[in-house]
Amino acid sequence: MTAKFVAELEDAVVIAGGFPLLAGVTMRLEPGTLTVVVGANGAGKTSLLRLLAGLDQLTSGTGVVAGVDLARGDRRLLRRRVGWLGHEGSFYDDLSVEENLHFAARALSRPIADVAPALERVGLAQRASAPARRLSAGQRRRLALAWLLVRRPEIWLLDEPYASLDDAARDLLDDLLVDVVGAGATVVASAHDPLRSEQPRVTLTLAGGRVVATS
Amino acid sequence: MIATAWLVAGKDLRIEWRSRVLAWQVVPFGVMALVLSGLALGPTRAGHSSAAPGLFYLVVLLVTLLAINRSQAIERTPGTRASVATLGLDPAGVFLGKTIALAVELWVIGAVLLAGTVLFLHTALAGSLTAVPSLVLTLGALAAAGTLYGALTGEGAGPATLLPVLALPAFAPLLIAGERAFSAALAGGSPWEWWVITLVALVAYLAIGVLLYGVLEES
């Protein structure tokens, strides 16, 4: 991988349970950019994000993300440098909103003082002591965003980030993406619908586990 | 590793304190099992004293399996699993933390069950108290082995079905040693010789867990 790219995949294949989730993806991500991955259900959007996060094993091909070789490197080192926003909740339901963020902050040796501003930013300050299980679907997404804010990862991997968000929260996410990319982080977001943000972005279209178009 | 262990242990114990799963599901189940054991043995106190240690550890085995499944289930929600994986926690620390939390939970349950044994199986109070150190050690070893085997059995429907089958050979020596130590304590003998087996097993499972937990998690 050249220093120019934060991630580089060459003919990357991921097979799980005998089924090819990714069937030869070639792509490059430059630092400080927003990349949107679009495609139909089952096209491989989530699988691509999971591969970039070091959550899934590369079956064949080559891949380097944040300097970590996906085939031979220690993927745990990569995981510490990425932030993941998945379909489901990203936290422990029986802990409060605040406790979840404290856990993430302590795990990554981030200052606990970062928790309150993150909650304020996502509009959850009033719900700080509520158990995560009592949050609505939209509030859970906000908590997941706060989790990422506290973590401040180099690479943000957002799987359907607008799901369950109301208009206000979508605006919040758009603003957040502007700030994050402006600060030099790399964002990759999967989406069914066109991303609302007006930011410059690269759009990758996936079909059948392959990149079929880049614009 | 130590910092991660305390972080994970604190988190698991806080979750248990909030959810009360062990308090409202596992402990009542264990107490009920002791009550039924007492009823099955009938009113003769002599029979109770000889059978009580075995029955006690049988119930300990059942509640331990439930507690292990609960401990592993906390981490198995798909979203939580992915997000926590991206925290890149030291697997050895995670193993130790989950073992500490599980051990604390088992000690609390064990104390309740020991009191239940005195009440429902009519074991001598003095002898039961003498057995406490061996019980603490045995439950600690069960927690270490249980955390290791809990990770080994994976996710989905696996833990509930595979855990008892896979873990029983590992648990058997611990349960037998614990039962022998309890019997010796009730008979006024020395339970110390059984401690060696338990202590060796505890150290072995802790060492294996520290070394291999990361591999199990990845697999």
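In the text below, chain A, chain B and the rest are named by the order of the sequence lines, each starting its count at 1.
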Exercise. B:Leu7, B:Thr4, B:Ile74: which one forms the most heavy-atom pairs within less than 4.5 Å of chain A?
Worked result: B:Leu7
Exercise. Are A:Asp114 and A:Arg151 close enough for a salt bridge, meaning some N to O gap below 4.0 Å?
Worked result: no
Exercise. Do A:Arg141 side-chain atoms and A:Ala163 backbone N/O form a donor-acceptor pair below 3.5 Å?
Worked result: yes
For this session: Determine yes or no for a side-chain-to-main-chain donor-acceptor pair under 3.5 angstrom, with A:Arg76 supplying the side chain and B:Pro91 the backbone.
Result: no
Exercise. Mind checking which of residues 15-23 of chain B sit less than 4.5 Å from chain A, heavy atom to heavy atom?
Worked result: B:Ile15, B:Arg18, B:Ser19
For this session: Examine whether an atom of A:Leu108 lies under 4.5 Å from a heavy atom of chain B, and if so say whether it belongs to the side chain, the backbone or both; otherwise answer neither.
Result: side chain
Using distance only, find each side-chain donor-acceptor pair of residues 29-39 of chain A under 3.5 Å and give its atom names and separation, not counting sequence neighbours.
from: A:Thr33; atom 1: OG1; to: A:Glu30; atom 2: O; distance (Å): 2.5

Exercise. Do A:Arg80 and A:Glu154 meet the salt-bridge criterion of a basic N to acidic O distance under 4.0 Å?
Worked result: no
For this session: Give the intermediate values and the outcome of side chain to side chain contact (heavy atoms under 4.5 Å, CB included) for residues A:His102 and A:Ile112.
Result: CA-CA 6 Å; A:His102 283 180; A:Ile112 295 296; 3.5 Å; yes
For this session: For the residue pair B:Tyr213 and B:Phe95, categorise the inter-ring angle as parallel (less than 30°), tilted (30 to 60°) or perpendicular (more than 60°).
Result: tilted
Exercise. At a heavy-atom separation under 4.5 Å, does A:Gln57 approach chain B through its side chain, its backbone, both, or neither?
Worked result: neither
